[in-house]
Asks: 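Here it is, the structure, as structure tokens.
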Protein chains: 2
Amino acid sequence: MAYRPAEQIIHKAAWLYYTHGLRQDEVAQRLNISRASVALYLRKAREAGIVNISTSTHLFSGERLARQMEDAFGLETVWLVGEDALSPSPASEIPTLAANVFLEMVENGNQVCVAWGRTVYDIADAMSYADREGVTVVEMCGNLGSPYAYRPDQCTMEIARRLNAKGLNFYAPLVLSTEELARALREEPVIREQLDGISACDMALFTVGALDADSHVIKCGALSLEELERLKTMGATGVIAGQIITADGTLLDCDYNRRMISADFDAIRAIPRRLMVVQEDEKFEPLQAAIAGRFFTHLVTTSSMATKLLKHHTASEPTPA
Amino acid sequence: MAYRPAEQIIHKAAWLYYTHGLRQDEVAQRLNISRASVALYLRKAREAGIVNISTSTHLFSGERLARQMEDAFGLETVWLVGEDALSPSPASEIPTLAANVFLEMVENGNQVCVAWGRTVYDIADAMSYADREGVTVVEMCGNLGSPYAYRPDQCTMEIARRLNAKGLNFYAPLVLSTEELARALREEPVIREQLDGISACDMALFTVGALDADSHVIKCGALSLEELERLKTMGATGVIAGQIITADGTLLDCDYNRRMISADFDAIRAIPRRLMVVQEDEKFEPLQAAIAGRFFTHLVTTSSMATKLLKHHTASEPTPA
DNA sequence: CATGGTGATTGACAAAAGTCAATTCGTCGC
DNA sequence: GCGACGAATTGACTTTTGTCAATCACCATG
């Protein structure tokens, strides 16, 4: 890692430029280097997280719709991305926002727990570098081959890298072939420890997965299409940390779930701040299920999703308690 | 407050520019305004704390000398400013650094407690704007006329303003003319409440004051020169939150201290993170006293001060425990 | 309905920052 | 000791950003 041009001079340049507000040529003069070098160092400082530039995410949580969501579902904060073409590439807006919200939520010394999924990968990609101290990033559940850019473990590590944090991977697959093996593995000290550590986390980052032909669990072969259909008739509605949940947000009682190595739902709910991020509008039912299961306290999603959720909510519960 | 050009467009411009990395002309195009406006909005966004640019203070805490200080005095983190002309104006380096460290230490939702003194004023001045949530800034002790730019209460309010926080002032003078009055006032509910609230703070920011002809307490007439001389013969060494301490860091048993409305030392020590900032090299003995009294856990000062403190420390205690 | 004033907005210019090919520096192998 | 290689640095050029006086839009007032 360590840059040849003694990390320290980069730091000094960044301090003079950003904190004292000198111009690049003044910094150059003071440090006896060329202005071009200053420009280079400053870029490195930004990339290394020595300098942190963050924009308040209030813009997205300040709307009335967001407030209504918070009230309706008892959430702490909700951030909504409108369809109003603010972003240069609409698809990237949710991950970008989520990355910013995440960084805003993580404090020094925190232990954070991340699940994986396409959305989480995108968030990791959009996340800028920060120079945190004493942060640990732990994986929330076992691993799986990924059809996307990162593998789950790489994803954890990538987030850890951006935060200058320690990354802790799960040394187990997500799904095993037999219940017995899963049970035995869960009792392995190294796995047990990680599972137990989850409830001690300060915050969590995760998505709810959908259950259709091209959802993650299917694509990487953890579940066959036939099995999926069978589970759906049993009430399968969404996926939380690999585990299948029903419409009321409880664990579906099935063989598949029993063969899984993942965070216990009570452990997840013991984490004080839990950020859920949903970008696809098709995840309406899964998200509803996740709300029913009180899986999260903070939410990043689209305005249209929020509108849909509220409409359905007030319809089913016309008089608020 | 609220700017005419709907705060929101400033936010959007900042988001597109800083988070998405568009150029100003691209932002202008997307928002249908001139580039000049974008430049203007961006400045406002920075000034309003919508955008936060911070530089890691690691540069100042990374040296060996800082480590030695931490070890020698059991401090959590020590930041040192060298005499090596890094800063454009050496005198401003301590307050600037302290302001940055302070911002780094304050977390959303925190209650912070600030004392006052010239150094604290300078820190308030050097502090950049930030958009924190749920932060409360409370005054640590009663008020006094100030010979400097801000009055103590303004100073609290100024820091609160920069953090977008709520400021809570002490509605009492620092020193009263009689013990009885001080005692009575301390029992007033509104004062009692504030005094009790201090130990519930998450962090504190303060200085140690020196006791000489041009120190704060003298300049604003709280103490006469003769009285000061008398107290010095009794062991007066420094000032913490208005109160006079002896070389071993305990409250000097004197009339002056008894006439004071200020935070109880145990209440101060109950605050988990306490940042002490000392810029003047003449404050050697007062700082030593403050160390003896375990008043702080984090320290910002000069390298030369650190050297002096360490020399004296190892001299008096050659074998570490 | 003109009028003055306030504050936002912009066009045009100046200043500052970004970039990159060319150069220098340091180091290693021979 | 010498050449050769890669990394760091820089000078010179281009692009981007900051600034400010001039203009425009809006509103309250006579």
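Numbered from 1 within each chain, the chains take letters A, B, ... in sequence-line order.
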Asks: Among all residues two or more places apart in sequence or in another chain, which pass the ring-ring contact (aromatic ring centres under 6.0 Å, His included) test with Tyr18(B)?
Replies: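 Expected list: none.
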Asks: Can you list everything that forms a side chain to side chain donor-acceptor pair (under 3.5 Å) with Thr302(A)? Sequence neighbours excluded, please.
Replies: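 Side chain to side chain donor-acceptor pair (under 3.5 Å) check on Thr302(A) returns Asp281(A), Ser304(A).
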Asks: Can you list every salt bridge (Lys or Arg N to Asp or Glu O under 4.0 Å) pair that touches residues 111-122 of chain A, not counting sequence neighbours?
Replies: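 Residue pairs with at least one partner in residues 111-122 of chain A: Arg118(A)-Glu280(A).
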Asks: Strictly by side-chain hydrogen bond (donor to acceptor under 3.5 Å, both in side chains), give each pair with a member in residues 99-109 of chain A just once, sequence neighbours left out.
Replies: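 Residue pairs passing side-chain hydrogen bond (donor to acceptor under 3.5 Å, both in side chains), neighbours aside: Thr57(A)-Glu104(A).
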Asks: Please name all residues satisfying salt bridge (charged side-chain N to carboxylate O under 4.0 Å, His left out) with Glu70(B), sequence neighbours left out, ordered by chain then number.
Replies: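 Counting only residues at least two positions away or on another chain, Glu70(B) forms a salt bridge (charged side-chain N to carboxylate O under 4.0 Å, His left out) with Arg67(B).
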Asks: Would you give a per-nucleotide map of nucleotides 10-23 of chain C, 5' to 3', where B means the base has a protein non-hydrogen atom under 4.0 Å away, S means only the sugar-phosphate does, and - means neither?
Replies: BB----SBBB----
Asks: Does dT9(C) have OP1 or OP2 under 4.0 Å away from a side-chain N or O of Tyr41(B)?
Replies: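 Affirmative; the distance criterion is met.
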Asks: Over how many whole Å does the gap from Gln29(B) atom CD to dT16(D) atom P extend?
Replies: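 One finds 13 Å between P of dT16(D) and CD of Gln29(B), rounded.
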